[in-house]
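Structure, as structure tokens:
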Protein chains: 2
Amino acid sequence: MKRNTWQREAVREALDGTGGFISAQALHSALHASGSPIGLATVYRALGDLASTGEADSLQSPDGEALYRACSTTGHHHHLICRNCGLTVEIAADEVEAWAKRVAGEHGFTGAAHVVDVFGLCADCTAAQRGADERRADATANGSSSSHPA
Amino acid sequence: MKRNTWQREAVREALDGTGGFISAQALHSALHASGSPIGLATVYRALGDLASTGEADSLQSPDGEALYRACSTTGHHHHLICRNCGLTVEIAADEVEAWAKRVAGEHGFTGAAHVVDVFGLCADCTAAQRGADERRADATANGSSSSHPA
DNA sequence: ACTGATGTTGACAATCATTATCAATAGACC
DNA sequence: GGTCTATTGATAATGATTGTCAACATCAGT
């Protein structure tokens with residue numbers, strides 16, 4: 001049988017209280033910081049459960065960490081994520097759904113699923129960044145790798 | 001200075017000889033199997049280099065592994081990947097590019113980048129699967145998790 | 001409220017991918 | 001060939017995640 005424990009609730013609430021995506025480790029730290037003695041393994045389990053129930057979305061950060069987020073829509077949707085502050089906006093993408101299905105079909109693929117996420121700098125971070133850029137004029141290119149996203 | 005070593009060539013060729021995406025570990029095993037004494041660390045380094053040069057694309061598998069692939073187009077493109085056999089088709093997605101840029105703009109985001117990949121079953125695997133489904137009538141739902149892709 | 005069966009927890013060990021270390025090696029240019 | 005130094009590779013180190021298992025807490029029935 002499925003039991004309700006304060007630990008699971010704690011994880012759910014902590015996740016709700018977070019604007020964007022957060023890693024299991026970070027969420028555990030946050031909970032600890034706010035006085036909860038919850039164990040790391042439990043956080044992982046709770047997040048896994050939430051993700052499989054559809055109550056939370058998960059994605060892989062470019063450095064291989066799993067990130068979770070409590071989403072308002074239980075249905076299908078995508079994300080627009082600020083790569084600086086983590087602010088996340090849920091977006092519908094009917095066009096893209098259709099496109100994915102069509103492209104898959106054109107190549108004989110069935111059971112099409114897709115991963116679609118947009119990363120960028122939110123308005124606030126863009127402003128902050130611009131300020132920073134003006135202050136320092138070092139033209140050093142950023143060394144970030146992560147080829148695929150573009 | 002940048003030196004040319006047979007190791008880097010070996011990795012490049014092994015990657016070229018692979019249809020779809022492959023993990024660093026798997027590529028290393030493959031190289032070993034074909035008699036190359038190349039070291040694991042070197043495979044990681046070579047793949048990292050290829051990825052940062054744009055000669056290879058990389059993405060995160062749902063279980064947190066980094067997968068690499070030698071792509072014909074050095075420019076920007078996306079992938080249609082068979083989740084069963086790994087067959088990969090490169091696809092252009094101008095519509096999606098435009099969509100991503102527009103959505104980002106609508107929410108005040110700048111520097112929009114995106115991750116767009118379509119997973120499915122290729123024609124061959126679909127056929128094979130259908131055959132298998134007919135043979136066994138166990139209606140057990142698949143237990144796969146991985147919430148987000150849809 | 002009491003109790004028993006069992007789902008759940010949490011500390012820790014184990015695993016797995018990836019990165020760092022560093023002495024030995026081998027390209028590139030003379 | 002000789003020198004300089006980027007590169008290699010065996011191994012240790014790191015970091016995220018999962019497995020283990022005894023102790024515990026929850027829920028249903030009383």
Side-chain angles (χ1 to χ4, degrees), chain A residues 1-15 21-53 55-69 86 143-148, chain B residues 1-15 21-53 55-69 86 143-148:
Chain A
M1 184 201 308
K2 193 75 173 178
R3 292 178 185 172
N4 295 330
T5 62
W6 63 266
Q7 287 95 332
R8 250 195 286 263
E9 272 312 305
V11 169
R12 194 198 307 271
E13 280 174 24
L15 201 57
F21 282 90
I22 188 172
S23 73
Q25 304 273 353
L27 194 60
H28 176 240
S29 301
L31 283 165
H32 253 215
S34 53
S36 172
I38 192 172
L40 178 57
T42 304
V43 173
Y44 272 100
R45 276 184 293 243
L47 287 175
D49 286 353
L50 289 176
S52 64
T53 322
E55 296 180 74
D57 263 8
S58 67
L59 61 79
Q60 297 288 132
S61 86
D63 46 292
E65 253 181 315
L67 303 181
Y68 298 87
R69 176 166 197 272
S144 84
S145 52
S146 189
S147 64
H148 193 229
Chain B
M1 183 202 309
K2 194 74 174 179
R3 292 177 185 174
N4 294 330
T5 63
W6 64 265
Q7 286 96 332
R8 249 194 287 262
E9 272 311 304
V11 169
R12 194 198 309 269
E13 281 175 23
L15 200 57
F21 282 88
I22 188 172
S23 71
Q25 304 273 352
L27 194 61
H28 176 239
S29 301
L31 283 164
H32 253 215
S34 55
S36 173
I38 192 172
L40 177 58
T42 305
V43 173
Y44 272 99
R45 276 185 291 242
L47 285 175
D49 285 354
L50 288 176
S52 63
T53 321
E55 296 182 73
D57 262 8
S58 67
L59 62 79
Q60 297 287 133
S61 87
D63 45 292
E65 252 182 317
L67 303 181
Y68 297 87
R69 177 166 195 273
S144 83
S145 52
S146 189
S147 66
H148 193 229

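A, B, ... follow the sequence lines: proteins, then strands. Residue 1 opens every chain. Side-chain atoms are counted along with the backbone in the values below, which use heavy atoms only and exclude waters and symmetry mates. In this text, all values refer to a predicted model and were calculated from it rather than measured experimentally.
B:E9 places its CD atom 15 Å from the C1' atom of D:dT7, with the value rounded to the nearest Å. In this structure, B:L47 places its CG atom 14 Å from P of D:dG9, rounding to the nearest Å.
The side chain to side chain donor-acceptor pair (under 3.5 Å) pairs that include a residue from residues 21-30 of chain B are B:S23-B:E65, B:Q25-B:Y44, where partners are two or more places apart or lie in different chains. Listed by first and then second residue, the salt bridge (charged side-chain N to carboxylate O under 4.0 Å, His left out) pairs involving residues 23-40 of chain B amount to none (not counting sequence neighbours).
Between B:Y68 and B:L27 the shortest side-chain heavy-atom distance does not fall below 4.5 Å.
From the 5' end on, the contacts that DNA chain C makes with chain A at under 4.0 Å to a non-hydrogen atom open and close at C:dA5 to C:dA11.
A:R69 places no side-chain N or O within donor-acceptor distance of the main-chain N or O of A:L59, the cut-off being under 3.5 Å.
Counting all heavy atoms, side chain and backbone alike, A:P37 lies closest to A:W6 at CD-CH2, 3.9 Å. Taking both residues in full, the closest heavy atoms of A:P62 and B:Q60 are given as O-OE1, 3.2 Å, listed atom of the first, atom of the second, then distance.
The side chain to side chain contact (heavy atoms under 4.5 Å, CB included) search around B:E9 returns B:R12, B:E13, not counting sequence neighbours. Every side-chain hydrogen bond (donor to acceptor under 3.5 Å, both in side chains) that B:D63 has, sequence neighbours left out, goes to B:S61. Under the rule for a ring pair (Phe, Tyr, Trp, His ring centres under 6.0 Å), the partners of A:F21 that lie at least two apart in sequence or sit in another chain are A:H79. With sequence neighbours excluded, the residues satisfying side chain to side chain contact (heavy atoms under 4.5 Å, CB included) with B:A41 are B:R45.
Within the helix from C:dA1-D:dT30 to C:dC30-D:dG1, the inter-axis angle between the opening and closing five-pair segments is 40°, rounded to 10°.
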- Note on the structure: With sugar-phosphate taken as primed atoms, P, OP1 and OP2 and all else as base, the protein-contact string of nucleotides 15-28 of chain D at under 4.0 Å (heavy atoms; B, S, -) is -SBBBB----BBSS
